[in-house]
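Below is one structure, written out as structure tokens; comments come after it.
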Amino acid sequence: MRDLTARLRDIVRREGGAPAPAAGATAPVRELTYVPDVAAIGDEGSVAERMGGTPVDAAGACVCLDRRYDADRSHGRVRVERCRPDATHPIDLFDARVRRADDWERRVVFFDIETTGLSGGAGTLAFLVGCGWFDDDGAFLVRQFFLAGPAGEQPMLEALARVFDEASLLVTFNGRTFDVPFMETRWAFHRSSAPTDDLPHFDMLPPARRLWGQRDLARPDSEGCSLTALERRVLGFHRHDDVPGFEIPARYFQFLRTGETRLIDGILEHNRHDLLSLAAVMSHALWLAREGPAACREPAEQLALGQIYERASRLDEAAGAYETAIAMGDADIKRPALARLARLHRRAGRYDEAARAWQAILDLAPRSRRTLTPFERQAAEALAIHHEHRARDLERARGYAEALGAATMGRARVETERRLQRLARKLKTGGAQTGRLTLEDE
DNA sequence: CCAATGCCTATGCCTTTCAC
DNA sequence: GTGAAAGGCATAGGCATTGG
């Protein structure tokens, strides 16, 4: 793949009028027969005609393709019209930078590029950029700009800037790291200012990781958080004959050699599916955040939702989500949900409720097991503190501290030892009498 | 393959709250 | 009044993961 990128670098150089560099000892460029007169590539008609698009520039080096997905069409389990984000969606829960007052929903533009490689150097270019947005009827419109040759980049960048100028919010998947910086270097390369500079940008990857990214300990085969994985898990959408990402650069280089537009069809479809799924995944995430834990299909989502509310300081909603997760989930969900619920209770001064949640974590463990998992260690430590300092039941406090001491190492071990010594001292001097008014009367 | 983002964990600091 | 504990908060470094 690396030498393909090197070849493309040669194309760009020749395009600029400079002679091709002498073929080095390694990769000769002779087999690359790119024809600058892009409109004449292939045997019948222009690239734009054969792709069913329209030329953006006079030479047809950039091709524009429009596609409409009707509102009542289905994408996996969801209908297209349901994928439109609107002002009722609490987008600030996922990204506080997108303020709700900013009428961000006016024109949300979904954005995804296909490039000749991941490395993003000067020899790599985005040969396909796809934009999608909703019209007033709830249909999803996709506009793609395709480079029939590198000479089309300038007109592509101008046309793309016109789309972005209309946008109120840009939405991408991993675009904060990849797509947007990539395009910004291209605009810089052509000495124009980037239209993304003052455009609010929402990257769906971090929110998706928060909602669906927790590695599922119960299922080692769980799929990760790529857009195609989310598509299957969240939308129930399965692609047929998809072009895998790693194959995309090679296909484009082959197109440049042969002018065969059929090689590109699968990439166009891949890009459109990415945009549609991005819209669907985003609006589903927003919908879940708005509707709350009762709308979740999986307890893991309820747990994640709790963390999302907690980050946004919506602590009551967070507690509600954790309680739902505890009620619906298996032990692997219950444990973290109980721990987080316990911390919320403790922070709010509801110490008895916190203690009950910590105790519930310990009750999930089989009696036979001596070793403590991290959650159980956390619970035992919190209960030792609770019973020593709040409930004043020194005997019980010592019980938890002892269980903790057997299961800790290093630094935590030292603290536990100190706790045990303090408890022993207090018990000897008769501080135990005060330990009557505790949890026992519940 | 590469860069970069953001989560998790450990660690130290600071303030508050008690017990003596 | 003094000292110890607890717990919130900030920071830093490690780790995994995503894009074509």
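Throughout, a chain's letter reflects where its sequence line sits, starting with A, and its residues are numbered from 1.
When heavy atoms are screened at a 4.0 angstrom cut-off, A/R311 is found touching the sugar-phosphate backbone but no base atom. Using a 4.0 Å heavy-atom criterion, one finds that A/N271 contacts no nucleic acid atom at all. Within 4.0 Å (heavy atoms only), A/R419 reaches sugar-phosphate atoms of the nucleic acid but no base atom. At a threshold of 4.0 angstrom between heavy atoms, the contacts of A/F182 with the nucleic acid are absent.
A/R209 places its CZ atom 17 Å from the P atom of C/dC15, with the value rounded to the nearest Å. Rounded to an integer number of Å, the gap from A/E388 CD to B/dC18 P is 14 Å. In this structure, the CG atom of A/L344 is 14 Å from the C1' atom of C/dG8, given to the nearest Å. Summarising the geometry, the separation between NZ on A/K426 and P on B/dC18 is reported as 13 Å, rounded to the nearest angstrom. Computed from coordinates, the A/F127 CZ to C/dG19 C1' distance equals 13 Å when rounded to whole Å. For the pair A/R422 CZ and B/dC20 P, the computed distance is 12 Å after rounding to whole Å. For A/L423 and C/dA5, the CG to C1' distance is 12 Å, given to the nearest whole Å. Note: CZ (A/R418) to C1' (C/dA5) measures 9 Å, nearest angstrom.
Residues A/E310 and A/Y322 bring a donor and an acceptor atom of their side chains to less than 3.5 Å of each other.
For A/I385, taking side-chain heavy atoms from C-beta onward, the closest of the listed nucleotides C/dG19, B/dA4, C/dA6 is C/dA6. For A/C225, taking side-chain heavy atoms from C-beta onward, the closest of the listed nucleotides C/dG8, B/dG6, C/dT18 is C/dT18. Residue A/T177 places its side chain closer to B/dA4 than to any other of B/dA4, B/dC7, C/dG20. Among the nucleotides C/dA6, B/dG6, C/dG20, the one closest to any side-chain atom of A/D112 is C/dG20. Candidate nucleotides B/dC1, C/dG7, B/dG6 were compared by shortest atom distance to the side chain of A/L118, and B/dC1 ranks first. For A/S226, counting side-chain heavy atoms from C-beta on, the closest listed nucleotide (C/dG7, C/dT18, C/dA6) is C/dT18.
In this structure, A/R418 does not pair ionically with A/E415, as no charged nitrogen and carboxylate oxygen lie closer than 4.0 Å. A salt bridge between A/R251 and A/D265 is absent, with no side-chain N of the basic residue lying under 4.0 Å from a carboxylate O of the acidic one. Between A/D165 and A/R107 no salt bridge is recorded (no basic side-chain N to carboxylate O distance below 4.0 Å).
A/H389 has no side-chain polar atom (N or O) that falls below the 4.0 Å cut-off from OP1 or OP2 of B/dC18. Contact between the side-chain N/O atoms of A/R425 and the OP1/OP2 oxygens of B/dC20 is not found at any separation under 4.0 Å. Contact annotation: A/R392 side-chain N/O to B/dA19 OP1/OP2 distance is under 4.0 Å. Remark: A/R176 is not in phosphate contact with C/dT18, judged by side-chain N or O atoms under 4.0 Å from OP1 or OP2.
Annotation: A/F255 is not in aromatic contact with A/F127 [ring centroid separation under 6.0 Å not met].
Classified by interplanar angle (parallel below 30°, tilted 30° to 60°, perpendicular above 60°), the ring pair A/F146/A/Y252 is perpendicular.
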